[in-house]
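In what follows, a single structure is set out as structure tokens and then discussed.
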Amino acid sequence: MVLEFKIPNGHDWSSLGALVPKFLSYAVSFVYVVIYWNNHYHLLQTVRSLHGKLMWLNMLLLSLLRLRRCMVSCC
């Protein structure tokens, strides 16, 4: 995830108001990734042995999470 904030033109608190939607989308995206990371960690704790197919499914899951970042950046 990349956090990109442009420097506001004004020097008061109201000029920061334009950054609120970007900050909220970043916060929601961060919470989303944390939830998936936590679930992923607990899921892999139950696995007794790790094999190639499971590793590829794991990479697929992580690549699908990457698409989430693209959807958030379009907002």
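Residue numbers count from 1 along this sequence.
- A single hydrophobic cluster is seen to contain both M55 and V47, as judged by linkage of ILVMFWY side chains at heavy-atom distances under 4.5 Å, directly or through other members.
- How far OH of Y41 is from OG1 of T46: 11.5 Å, rounded to the nearest 0.5 Å.
- Once rounded to the nearest 0.5 Å, the distance linking CG of L19 with CG of L24 reads 11.0 Å.
- Connection of M59 to L54 is established within a shared hydrophobic cluster, with ILVMFWY side chains joined at heavy-atom distances below 4.5 Å, either directly or through further cluster members.
- Taking a 6.0 Å sphere around CG of N9, one finds it holds 12 or fewer heavy atoms contributed by other residues, nucleotides or ligands.
- Summarising the geometry of G17 relative to P21, their closest heavy-atom pair is O-CD, 3.8 Å, with the distance given to 0.1 Å.
- Relative ring orientation between F23 and Y26 is described as tilted, the plane-to-plane angle lying within the 30° to 60° band.
- A continuous path of Ile, Leu, Val, Met, Phe, Trp and Tyr side chains, each step under 4.5 Å between heavy atoms, connects L61 with Y32, placing both in one hydrophobic cluster.
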